[in-house]
Protein chains: 2
Amino acid sequence: MPAKRPPIPLSRERIIEAALDIADTQGLRRLTMRRLGEALQVEAMAIYHHLPGGKEALLDALAQHVTTVSVDPSGLPDWREIARAWCRAGRQALLAHPGVLSLAMTKPPRGSAAAAIGEQVRQLADAGLREPAAAVRTLRSYVFGSVAVELQQTGWADPKAQPVMPEPDGEAAFERGLTALLTGLERFAET
Amino acid sequence: MPAKRPPIPLSRERIIEAALDIADTQGLRRLTMRRLGEALQVEAMAIYHHLPGGKEALLDALAQHVTTVSVDPSGLPDWREIARAWCRAGRQALLAHPGVLSLAMTKPPRGSAAAAIGEQVRQLADAGLREPAAAVRTLRSYVFGSVAVELQQTGWADPKAQPVMPEPDGEAAFERGLTALLTGLERFAET
DNA sequence: ACCTGAACACCGTTCAAGT
DNA sequence: ACCTGAACACCGTTCAAGT
């Protein structure tokens, strides 16, 4: 028979990982403290010991997790390519966890997520872009919205859980729109 | 003493109106069938009679409500201005109901919301835009994302419910980004 | 036809208690 | 230090019953 105690002790990381898995496979509405405990082989109440803020803190942590990305700008020729890299990384991180997209778009960026935005602004400024904060805001808008529309199109949130149907044109549509946006930004935002 | 029966009989419209009010003022998490019934002076179970699908149908209806917009293209000189009008209308409709933004971005467009998208594509095609469906998709992405970022910035979802703080630069940022996007779309999408 | 009351299975969270 | 069990107030939804 299996041991009663969990093989690995609980940790913030394991909790977040398990929560993401539930949200992505069953939907955010089914992410429940009790179900999360079950997935971790633990009573639900044990979670509070590692995540003092309760469920609200858990949701904040999930949002932060999927909006924290980083880009190495070395080797990228200009601000245009740096911006492109950040947008692609942001899109990938969001697409990887469709279950928590609504949290990522709703919760204000905190901690590592806010730091990532600051780093992006800095890189673009260093690369000679004028008003980098405004540009980053516009790019973030586009990334969030693109992923939302892409997931809408795949019917991810539908009643009969479709077999994922990855929508092959999603990436192409994203790149087309991104190029259009960068072309437009060039017009007034060059240094 | 007040009458036990509600003064006005329940209706789908009244239910949606009351639900939007709760979501906008108290947050989506507090929108509950029981609280909704209380706001309508009715037992929660009465709602099911007018909204057969239960809470899931209610949330669908809310998403549809805030994503159904219309634009009269007559008098607008070109596709650029038609697109601008649709984007402004979409932004206003979403900003008016911050509580259900996450639903609007998540639920696939249905019914009147899907019809509005079709109408937008038709208008842009008539105005001479090439590949209007791709353009509308990109514009929708930008509108969704802009509103999400704007509401993040205002701290709408924060713990201590701020006094709305309408972020005066939100509209300016939206218009700047929109102009950039339209400029970029012009490049490859003219007829 | 429209609404209510009671009931059921399920939530998040607390708190004292176990080890 | 870390986890459990019981308890409380609250969910969504059903179903028979009232008017």
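Given the structure is predicted, the values throughout are model-derived calculations rather than measurements. Lettering follows sequence order; numbering is per chain, from 1.
- By the 30° and 60° cut-offs, the orientation of the rings of His65(B) relative to His97(B) is perpendicular.
- Contact between Phe144(A) and Gly145(B) at its shortest, heavy atoms only, is CB-CA, 4.2 Å.
- Nearest nucleotide to the side chain of His49(A), out of dT4(D), dC3(C), dC3(D): dC3(D).
- Nucleotide dC2(D) holds its P atom 12 Å from the CD1 atom of Ile15(A), rounded to whole Å.
- Listed here is the closest heavy atom pair of Leu124(B) and Pro132(B): CB-CB, 4.2 Å.
- OP1 or OP2 of dC3(D) lies within a sub-4.0 Å distance of a side-chain N or O belonging to His50(A).
- Between Leu40(A) atom CG and dT4(D) atom P there is a gap of 11 Å when expressed in whole angstrom units.
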Could you summarise the pairing of DNA chain D as dot-bracket text, marking Watson-Crick and G-U pairs under 3.5 Å with ( ) or [ ] inside the strand and | across strands?
||.|||||...|||||.||
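- Contact of the Thr138(A) side chain with the Tyr142(B) side chain is registered, since non-hydrogen atoms from C-beta on lie closer than 4.5 Å.
- Heavy-atom minimum distance, Pro73(B) versus Ile82(B): CB-CD1, 4.1 Å.
- One interatomic measurement links the two molecules: CZ of Arg12(A) to C1' of dC2(D), which rounds to 18 Å at whole-angstrom precision.
- Hydrophobic clustering of Ile, Leu, Val, Met, Phe, Trp and Tyr side chains at less than 4.5 Å, counting indirect connections, keeps Ile15(B) apart from Met45(B).
- The heavy-atom pair separating Val66(B) from Ala93(B) by the smallest distance is O-CB, 3.6 Å.
- The side-chain hydrogen bond (donor to acceptor under 3.5 Å, both in side chains) contacts involving residues 26-40 of chain B comprise Glu56(A)-Arg29(B), where partners must be two or more places apart or lie in separate chains.
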Would you tabulate the pairs of protein nitrogen or oxygen atoms and nucleotide nitrogen or oxygen atoms of nucleotides 9-14 of chain D closer than 3.5 angstrom?
unit_1  : atom_1 : unit_2   : atom_2 : d
dC11(D) : OP1    : Arg35(B) : NH2    : 2.7
dC11(D) : O5'    : Thr32(B) : OG1    : 3.1
dC11(D) : O3'    : Thr32(B) : OG1    : 3.1
dG12(D) : OP1    : Thr32(B) : OG1    : 3.4
dG12(D) : OP1    : Met33(B) : N      : 3.2
dG12(D) : OP1    : Lys55(B) : NZ     : 2.9
dG12(D) : OP2    : Met33(B) : N      : 2.8
dG12(D) : N7     : Arg34(B) : NH1    : 2.3
dG12(D) : O6     : Arg34(B) : NH1    : 3.4
dG12(D) : O6     : Arg34(B) : NH2    : 3.2
dT13(D) : OP2    : Tyr48(B) : OH     : 2.8
dT13(D) : OP2    : Lys55(B) : N      : 2.9
dT13(D) : O5'    : Tyr48(B) : OH     : 3.4

